[in-house]
Amino acid sequence: MNIAVGARSGIIDDLFAGNFLGRDSDIVFDYRQKVTRSFEYLQGDYYIAPLFMDKVVCHIVKNYIAHLLNIKVPLILGIWGGKGQGKSFQTELIFQAMGIEPVIMSAGELESERAGEPGKLIRERYRTASQVVQNQGKMSCLMINDIDAGLGRFGNTQMTVNNQIVVGTLMNLSDNPTRVSIGQDWRESDVTNRIPIIFTGNDLSTIYAPLIRDGRMEKFFWQPNLEDIVNIVHRTYEKDGISRDEVISIVNTFPNQALDFYGALRSRTYDRSISKWIDDIGGVENLGRKLLKQKKDEKLPVFIPPEQTVEALFESGYSLLREQQLIMETKLSKEYMKNSDD
């Protein structure tokens, strides 16, 4: 269904389309059609791990010059590793550095109440990335986050028709990356640009084995070393005046933690300041009116960020550790009760 036709001036009477909004009466139609991602929100000097950057850049470049190479180039790069290790964020930083405008999907889009929809969506997104290359002269790629959450088999999970179609679609793209149909008749002139695909996930072993075999997918296990962790965390805390030596002290005090743990430390230090700010605007009773229904000329009190100190970060860290221990104890207790019942 082409919903754009009835929204264009000249197609139907101007009484209904109108001229006061320009050529199109639906002013946000073009915005909704944009599925590519830009990274203006990534402001700041972030650290990109050299090993991570080498792997992603090499994969992208190999696919763009595959026609010049006398080798079999895998279309898919599967980046996997522990949770919260910055796989998606590091990849987006690389896209920003390379000027790539990617099409990004999530595992939640790999299922639908309609059979075949997710497979068709992947092919459409792949062709959209190809059109970015062809029409805008920009590099692009297709990225699917948390692929194992959508396609992985865990315990007694059920395989659906859409799971099978998505796997088949990705396998077909890997084998025929320049011939992609979304249901139209085949035309000899309809050749799609080869677009690299990047997956992120925690456990690729849960995915259908023929999809992840060598030749279709190149695997990259990401586990940041101590130097990578210190550099990434230091860039995050640098604007707060936390020195590199203090960052090393924090990392050594809380070892074996994912990168998102150190980001949560900084976020937790804001809690007291936010509680004070809530009191300044009239308490919890007035939150709804103040945040959502304030008058046009009414301004909220200025929020003053807390001054970051090593002591405050340590306090937040120990608080997070206690929560982790409670979760682990609850999990062990449930497993013990289950085994006792058996």
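Sequence positions, counted from 1, serve as the residue numbers for this chain. Remember, it's a predicted structure, so these values are computed and weren't measured experimentally. Computed from heavy atoms alone, side chains included, the values below leave out hydrogens, waters and symmetry copies.
- At distances below 3.5 Å, at least one donor-acceptor pair connects side-chain atoms of Asn225 with backbone N or O atoms of Asp228.
- Looking only at distances, a side-chain donor or acceptor of Asn63 sits under 3.5 Å from a matching main-chain atom of Pro74.
- A salt bridge links Glu109 and Arg125; the closest N-O separation between the charged side-chain nitrogens and carboxylate oxygens is under 4.0 Å.
- Remark: Glu92 does not engage Lys87 in a salt bridge, criterion side-chain N to carboxylate O under 4.0 Å.
- With Asn252 contributing its side chain and Ile248 its backbone, the two residues share a donor-acceptor pair below 3.5 Å.
- The minimum heavy-atom distance linking Val56 with Ile79 is given by the pair CG2-CD1, 3.9 Å.
- Between the side chain of Arg153 and the backbone N or O of Ile207 there is no donor-acceptor pair closer than 3.5 Å.
- For the residue pair Ser205 / Asp203, a side-chain donor-acceptor distance below 3.5 Å is found, with atom types taken as modelled.
- Summarising the geometry of Gly81 relative to Phe221, their closest heavy-atom pair is CA-CE1, 3.7 Å, with the distance given to 0.1 Å.
- Although no hydrogens or angles enter the test, the distance criterion places no donor-acceptor pair under 3.5 Å between the side chain of Ser249 and the main chain of Asp245.
- Looking only at side-chain heavy atoms (C-beta outward), Tyr64 and Val133 come within less than 4.5 Å of each other.
- Residues Ile327 and Leu265 are members of separate hydrophobic clusters, defined by side-chain heavy-atom contacts under 4.5 angstrom among Ile, Leu, Val, Met, Phe, Trp and Tyr.
- For the pair Leu151 and Leu170, the minimum side-chain heavy-atom distance is below 4.5 Å.
- Ile304 belongs to no hydrophobic cluster with other residues, because no ILVMFWY side-chain heavy atom falls under 4.5 Å from its own, directly or through intermediates.
- Annotation: salt bridge (Lys or Arg N to Asp or Glu O under 4.0 Å) contacts of Glu218 (sequence neighbours excluded): Lys55, Lys62.
- Between Trp277 and Phe303, the ring planes lie perpendicular to each other; the angle is over 60°, past the 30° to 60° tilted range.
- Of the N and O atoms on the side chains of Thr236 and Arg266, not one donor lies less than 3.5 Å from an acceptor on the other residue.
- The minimum heavy-atom distance between Asn162 and Pro118, with the atom names listed, is OD1-CD, 3.3 Å.
- Checked by atom type, the side-chain pair Asn172/Thr169 shows no donor-acceptor distance below 3.5 Å.
- A salt bridge is absent between Lys83 and Asp260; no separation between the charged side-chain nitrogens and carboxylate oxygens falls under 4.0 Å.
- No donor-acceptor distance shorter than 3.5 angstrom exists from the side chain of Arg268 to the backbone of Gly317, with no hydrogens or angles considered.
- Checked by atom type and distance alone, the side chain of Gln90 pairs as donor or acceptor with a backbone atom of Ala49 at under 3.5 Å.
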>> Between Gln164 and Thr160, is the side-chain contact (heavy atoms from CB on, under 4.5 Å) condition met? List the steps.
In response: CA-CA 7 Å; Gln164 295 172 327; Thr160 68; over 6 Å; no
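- The side-chain heavy atoms of Leu77 and Pro196, taken from C-beta on, include no pair separated by under 4.5 Å.
- A 4.5 Å side-chain heavy-atom check between Asn163 and Glu111 finds at least one atom pair inside the cut-off.
- Between Leu320 and Ala264, the shortest heavy-atom distance links the atoms CD1-CB, 3.8 Å.
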>> The test is side-chain hydrogen bond (donor to acceptor under 3.5 Å, both in side chains); show your working for Asn231 and Arg244 and say whether it passes.
In response: CA-CA 8 Å; Asn231 287 330; Arg244 183 181 176 83; 2.7 Å; yes
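- Remark: of the listed residues His59, Met217, Arg194, Arg194 is the sole one forming a side chain to side chain contact (heavy atoms under 4.5 Å, CB included) with Leu75.
- Aromatic pair Tyr237/Tyr262: centroids not less than 6.0 angstrom apart.
- Side-chain heavy atoms closer than 4.5 Å link hydrophobic residues (I, L, V, M, F, W, Y) into clusters, and following such links, even through other members, never connects Met328 to Leu321.
- Two residues are said to be in side-chain contact when any heavy atoms from C-beta on lie closer than 4.5 Å; Lys331 and Lys334 fail this criterion.
- With 3.5 Å as the limit, one finds a donor-acceptor pair spanning the side chains of Gln257 and Gln324.
- Looking at every heavy atom in both residues, Thr200 comes nearest to Ser88 through OG1-OG, 3.7 Å.
- Between Phe52 and Phe220, the angle of the ring planes goes over 60°, which puts this pair in the perpendicular group of the 30/60° scheme.
- Counting heavy atoms from C-beta on, the side chains of Leu110 and Ile122 come closer than 4.5 Å.
- Following chains of ILVMFWY side-chain contacts shorter than 4.5 Å, one can reach Val57 starting from Met139, so the two form part of one hydrophobic cluster.
- Cluster partners of Phe154 are absent, since no Ile, Leu, Val, Met, Phe, Trp or Tyr has side-chain heavy atoms less than 4.5 Å from it.
- Of the inter-residue distances, the one linking Ile229 atom CD1 with Ile250 atom CD1 reads 13.0 Å to the nearest 0.5 angstrom.
- Note: Phe261 CZ to Ser316 OG = 9.0 Å, rounded to the nearest 0.5 Å.
- Between atom CD1 of residue Ile197 and atom OG of residue Ser174 there is a gap of 6.0 Å, rounded to the nearest 0.5 Å.
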> Which is it for Asp146 and Phe199 under the side-chain contact (heavy atoms from CB on, under 4.5 Å) test, yes or no, and what are the steps along the way?
Replying inline: CA-CA 7 Å; Asp146 306 308; Phe199 293 163; over 6 Å; no
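- Between the Ser275 side chain and the Asp271 main chain, a donor and an acceptor come within less than 3.5 Å of each other.
- Distance alone, capped at 3.5 Å, is enough to place a donor-acceptor pair between the Trp222 side chain and the Gln85 backbone.
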>> What verdict does the side-chain contact (heavy atoms from CB on, under 4.5 Å) test give for Gln96 and Leu93, after you've listed the backbone C-alpha separation in whole Å, the side-chain angles of each residue and the deciding distance to 0.1 Å?
In response: CA-CA 5 Å; Gln96 184 190 45; Leu93 289 175; 4.2 Å; yes
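- To the nearest 0.5 Å, the span separating CZ on Phe254 from CG on Leu313 amounts to 8.5 Å.
- Although no hydrogens or angles enter the test, the distance criterion places no donor-acceptor pair under 3.5 Å between the side chain of Asn145 and the main chain of Ser106.
- Looking at heavy atoms from C-beta onward, Asp279 lies out of side-chain contact with Val284 at the 4.5 angstrom threshold.
- Summarising the geometry, atom CG belonging to Asp45 is positioned 10.0 Å from atom NZ belonging to Lys239; distances are rounded to the nearest 0.5 Å.
- No more than 12 heavy-atom neighbours from other residues, nucleotides or ligands sit within 6.0 angstrom of NZ on Lys276.
- Shown here is Tyr208, whose OH atom has no more than 12 heavy atoms of other residues, nucleotides or ligands within 6.0 Å.
- Considering CG of Leu173 and CD1 of Ile76, their distance stands at 7.5 Å, rounded to 0.5 Å.
- When every heavy atom of Cys141 is checked against every heavy atom of Ile198, the shortest pair comes out as SG-CD1, 4.5 Å.
- The number of heavy atoms from other shown groups lying within 6.0 Å of CD (Glu307) does not exceed 12.
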> Going through the distances and angles, do Asp175 and Arg216 end up as a side-chain contact (heavy atoms from CB on, under 4.5 Å)?
Replying inline: CA-CA 7 Å; Asp175 298 336; Arg216 284 191 175 130; 2.9 Å; yes
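- Leu211 and Leu204 fall within the same hydrophobic cluster, where Ile, Leu, Val, Met, Phe, Trp and Tyr residues are linked whenever their side-chain heavy atoms come under 4.5 Å apart, directly or through other members.
- Grouping the Ile, Leu, Val, Met, Phe, Trp and Tyr side chains by contacts below 4.5 angstrom, directly or via other members, places Val247 apart from Phe89.
- In this structure, the side chains of Phe95 and Met143 come closer than 4.5 Å at one or more pairs of heavy atoms.
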